[in-house]
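Everything below concerns the one structure shown next.
Numbers for residues simply follow the sequence, beginning at 1. In each ligand, atom 1 is the first atom listed, and ligand 1 is the first ligand listed.
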Amino acid sequence: MSDYDSVSADIETEEEIPEEHPRYQDLLTRHRIEAGVEKGITHLQGMHAEGRGSAFDYLLGEETIPSADAAERAAAAHLLLADRPVLSINGNVAALVPGEMAALADAVDADLEVNLFNRTPDRIEAIAEHLREHGADDVKGLEADARIPNLDHERSKVDADGIYAADVVLVPLEDGDRAEALDEMGKTEIVIDLNPLSRSPQVADVPVVDNIIRAVPTITEHARELADADEADLRAIVADFDRERALEAAEERIRSGDL
Ligand code: ATP
């Protein structure tokens with residue numbers, strides 16, 4: 001048994017996770033999801049989603065592969081070009097990257113909107129508060145005064161001046177039905193999901209196959225670097241990005257088992 005084997009069960013705060021641990025990112029992610037469940041912002045289902053993601057991340061080598069970095073740059077360009085960009089937040093996203101999403105919203109001048117699969121007023125309020133504690137100024141999703149067509153009632157609720165009116169939406173860890181329905185509304189959709197075969201990245205204009213804890217800070221870095229770029233340069237980045245190639249590259253990396 002290695003010194004590290006008992007680490008995950010004993011961790012109470014994130015600072016206790018040794019950064020040199022070979023599975024550091026995985027332990028950090030698991031810890032944040034567990035803390036999210038305890039805080040009432042993440043649904044128990046979120047733990048299963050995390051487990052699926054963790055397996056794919058292991059196969060990707062727990063690193064941002066070059067095709068994911070290209071997708072992150074294209075995502076930044078789309079968000080900078082957008083008239084009404086919105087970043088969608090669910091329970092796992094809030095638990096894993098609250099401050100990082102607030103920083104991205106700031107860098108690209110986007111709104112943050114809480115959008116839940118298992119929607120309850122208490123969870124929405126807890127997530128909005130958690131985001132504010134991590135630097136978000138304004139959080140949408142509490143009004144829920146518009147509906148995404150072709151989805152059942154609870155899952156279709158969005159803000160009329162938020163996701164409903166957005167031209168570009170970032171939907172990390174999104175469920176397949178809602179990703180398809182947003183696609184049918186004609187929105188430019190950026191999806192972050194570690195499984196390239198899942199329906200959400202399959203319908204995305206920009207599928208980012210990377211762990212959200214790496215992807216969001218990288219999109220922000222690209223956005224800051226591109227902040228003064230000409231519109232023509234941003235459009236060229238968007239045009240050069242090939243979604244099929246990005247999905248294939250991720251699948252190839254996962255299937256090759258070259259760890
Ligand atoms: P579908 O999109 O076909 O409905 P699913 O049922 O597997 O697929 P969900 O459970 O709704 O999807 O969402 C979980 C998805 O989020 C999984 O595809 C999983 O790989 C991905 N995921 C989980 N954790 C992370 C993470 N930390 N970073 C990026 N993606 C993640």
Are there any protein N or O atoms under 3.5 Å from the N or O atoms of ligand 1? List them with distances, or say none.
residue  : atom   : partner : partner atom : Å
ligand 1 : 2 (O)  : G176    : N            : 3.4
ligand 1 : 2 (O)  : S198    : OG           : 2.5
ligand 1 : 2 (O)  : S200    : OG           : 3.2
ligand 1 : 3 (O)  : S198    : OG           : 3.3
ligand 1 : 3 (O)  : R199    : N            : 3.3
ligand 1 : 4 (O)  : G176    : N            : 3.2
ligand 1 : 7 (O)  : R52     : NE           : 3.0
ligand 1 : 8 (O)  : S198    : OG           : 3.0
ligand 1 : 10 (O) : R52     : NH2          : 2.4
ligand 1 : 18 (O) : D193    : OD1          : 2.7
ligand 1 : 18 (O) : D193    : OD2          : 3.1
ligand 1 : 20 (O) : D193    : OD1          : 3.3
ligand 1 : 24 (N) : E50     : OE1          : 3.4
ligand 1 : 27 (N) : N211    : OD1          : 2.9
ligand 1 : 28 (N) : I212    : N            : 2.9
ligand 1 : 30 (N) : L194    : N            : 3.1

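Looking only at distances, no side-chain donor or acceptor of T42 sits under 3.5 Å from a matching main-chain atom of A95.
Tested against D57, the residues R52, R23, R253, R214 include a single salt bridge (charged side-chain N to carboxylate O under 4.0 Å, His left out) partner, R214.
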May I have the list of side-chain donor-acceptor pairs in residues 223-233 shorter than 3.5 Å, sequence neighbours left out?
residue : atom : partner : partner atom : Å
E225    : OE2  : R73     : NH1          : 3.4
E231    : OE2  : R235    : NE           : 3.0
E231    : OE2  : R235    : NH2          : 2.9

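In this structure, L182 belongs to a hydrophobic cluster whose other members, linked by side-chain heavy atoms under 4.5 Å apart, are V86, I148, L151, V158, I163, Y164, V169, V171, M185, V191.
Side-chain heavy atoms closer than 4.5 Å link hydrophobic residues (I, L, V, M, F, W, Y) into clusters, and following such links, possibly through other members, connects M47 to L173.
When the side chain to side chain contact (heavy atoms under 4.5 Å, CB included) test is applied to R132, the partners found at least two apart in sequence or on another chain are E125, A128, E129, V139.
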